[in-house]
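Letters A, B, ... mirror the listed sequences (proteins, then strands); counts begin at 1.
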There are 2 protein chains.
Amino acid sequence: MAITAKGRATRQRIIEGAAAYLRSDDPAGVTLDDIRAITGTSKSQIFHYFPDGKEELFLAVARYEAGRVLDDQQPHLGALTSWAAWDRWRDAVVARYRTQGRNCPLGALMSQVGSTAGANEVVSALLSRWQFHVQEGIAEMQDAGLVRASVDADRVAAAFIAGIQGGVQVLRSTGSVAHLEAALDTLIDHLKG
Amino acid sequence: MAITAKGRATRQRIIEGAAAYLRSDDPAGVTLDDIRAITGTSKSQIFHYFPDGKEELFLAVARYEAGRVLDDQQPHLGALTSWAAWDRWRDAVVARYRTQGRNCPLGALMSQVGSTAGANEVVSALLSRWQFHVQEGIAEMQDAGLVRASVDADRVAAAFIAGIQGGVQVLRSTGSVAHLEAALDTLIDHLKG
DNA sequence: ACCACGGTGGACCAGCCGGTCCAGAAAACC
DNA sequence: GGTTTTCTGGACCGGCTGGTCCACCGTGGT
């Protein structure tokens with residue numbers, strides 16, 4: 001049997017409960033007991049489903065949250081084929097992080113789990129996929145003759161990723177999305193030439 | 001006497017020792033005992049000079065590190081009056097963070113101290129000063145007729161800050177300065193028109 | 001020389017937190 | 001129905017960590 005449906009449900013409940021907690025409260029000092037209380041489980045269950053304890057659980061939550069990041073930007077991110085699409089994407093990104101406010105689930109996770117190899121891998125993979133979509137969008141715009149060919153799609157896509165990440169980080173400190181908007185608008189302006 | 005020269009020296013030794021520790025080792029779980037050991041002091045001294053304990057000490061270290069950030073970019077950052085100057089500044093920033101590698105002292109501090117009002121204030125002040133210098137540079141380039149007047153200096157300066165912050169954050173995850181370079185180069189390209 | 005006050009050392013403590021363990025309930029399989 | 005395996009509850013623990021306390025030392029002023 002290995003793992004029953006009930007077990008899988010409990011495991012998922014723990015992940016989603018932890019994710020919800022990270023998203024709401026001040027997640028500076030999340031403790032296993034907090035998660036236990038919120039998810040209505042017991043210590044033994046956490047260690048039953050995540051034998052390596054805190055680190056394994058947090059990594060699972062990080063993967064779960066990382067998946068949501070790109071999903072929240074769809075379908076815009078996957079079809080950056082017109083200036084209108086770019087604008088919609090820009091608005092979706094800004095809206096998402098404005099709603100999120102200072103509480104960045106992934107950022108909080110990274111603060112907690114530190115700089116373990118696994119955590120870095122999750123973030124790197126997310127950023128890589130993200131950048132790939134932007135790069136594809138730039139390339140398609142170039143193919144359509146809407147962006148000049150001299151633009152280095154890979155490099156500018158990397159600049160977008162950096163700008164977004166930095167904008168979000170500034171948001172976490174200052175509570176303002178101005179920098180995020182400035183980065184996106186300036187880079188889109190740059191594409192427009 | 002209130003506070004003697006010896007006392008001031010000890011206080012400074014604690015701050016600099018803590019800063020050095022944050023810069024070298026994996027600073028995920030810095031403890032007061034670590035700092036005590038490294039600085040060759042005792043618990044009572046730490047609480048003597050920083051009555052509010054860990055938070056006050058870390059805030060002092062954050063202020064100390066924040067001061068260094070802009071200093072490391074001088075004199076370039078203060079005189080962005082030619083394209084050559086911009087390039088030198090760009091190189092200085094990249095060099096600084098390439099040397100620093102994954103260990104970002106301020107980032108580590110922020111992870112530790114969480115999102116207290118004081119910490120946010122220190123970071124906000126730093127970013128604000130940083131952005132001001134960039135904005136001044138853009139304005140001077142515009143006055144000299146080297147950058148078109150249609151550029152919104154304030155907005156592009158904000159994009160620079162976001163791009164740099166994001167580039168550094170990506171560096172912390174992936175160990176590569178590529179994103180930082182991409183952000184700086186793309187934004188400078190944008191200024192060049 | 002003396003004294004007062006700041007500087008220093010380090011033992012000590014209380015609470016928290018990740019992690020262990022075992023006993024019992026529930027479910028799956030025969 | 002019985003047995004085996006998984007799921008669940010919760011008591012328990014060991015050690016770490018921020019913080020306290022007090023006794024002693026060093027220094028500066030007079």
> For Ser115(A), what residues pass the side chain to side chain donor-acceptor pair (under 3.5 Å) criterion, not counting sequence neighbours?
Replying inline: Asp26(B)
> Will you find, in the side chains of His179(A) and Gln131(B), an N or O donor that is under 3.5 Å from an N or O acceptor?
Replying inline: yes
>> Nearest whole Å is fine: how far is dG9(C) C1' from Leu32(B) CG?
In response: 16 Å
>> Can you list everything that forms a ring pair (Phe, Tyr, Trp, His ring centres under 6.0 Å) with His76(B)? Sequence neighbours excluded, please.
In response: none
>> So if I apply the side-chain contact (heavy atoms from CB on, under 4.5 Å) rule between Phe50(B) and each of Val61(B), Leu59(B), Leu32(B), Ile15(B), which one comes out positive?
In response: Ile15(B)
> With sequence neighbours left out, what residues match Glu181(A) under salt bridge (charged side-chain N to carboxylate O under 4.0 Å, His left out)?
Replying inline: Arg90(A), Arg98(A)
> Has Thr31(A) got a side-chain N or O lying under 4.0 Å from the OP1 or OP2 atom of dC16(C)?
Replying inline: no
> How long is the line joining CG of Asp52(A) and C1' of dG19(C), in whole Å?
Replying inline: 12 Å
> Would you call Asp189(B)-Lys192(B) a salt bridge at under 4.0 Å N-O?
Replying inline: no
>> Assess whether a salt bridge exists between Asp71(A) and Arg68(A), defined as any Lys/Arg side-chain N lying under 4.0 Å from an Asp/Glu carboxylate O.
In response: no
> What is the distance, rounded to the nearest whole Å, between atom CG of Leu57(B) and atom P of dT17(D)?
Replying inline: 15 Å
> At how many degrees, to 10°, do the end axes of the helix from dA1(C)-dT30(D) to dC30(C)-dG1(D) meet when each uses five pairs?
Replying inline: 20°
> Does CD in Glu55(A) sit with more than 12 non-hydrogen atoms of other residues, nucleotides or ligands closer than 6.0 Å?
Replying inline: no
>> Quick check on contacts: within residues 5-17 of chain A, what sits under 4.0 Å from DNA chain D by heavy-atom distance?
In response: Lys6(A), Gly7(A), Thr10(A)
>> Using whole Å, what does the distance between atom P of nucleotide dT17(D) and atom CG of Asp34(B) come to?
In response: 7 Å
> Rounded to the nearest Å, what distance is computed from the CG atom of residue Asp33(B) to the P atom of nucleotide dG10(C)?
Replying inline: 12 Å
>> Between Ile164(B) and Val156(A), is there shared hydrophobic-cluster membership here, with clusters defined by ILVMFWY side-chain heavy atoms closer than 4.5 Å?
In response: yes
> Under a 4.5 Å side-chain heavy-atom rule over Ile, Leu, Val, Met, Phe, Trp and Tyr, are Val168(B) and Val93(B) clustered together?
Replying inline: yes
>> Which heavy atom of Glu56(B) sits nearest to which heavy atom of Tyr49(B), and what is that distance?
In response: OE2-O, 4.3 Å
> Expressed in angstrom and rounded to an integer, what is the separation of Lys54(B) atom NZ from dG18(D) atom P?
Replying inline: 4 Å
> Does any residue of residues 35-50 of chain B have a heavy atom under 4.0 Å from DNA chain D, and if so, which ones, in number order?
Replying inline: Lys43(B), Ser44(B), Phe47(B)
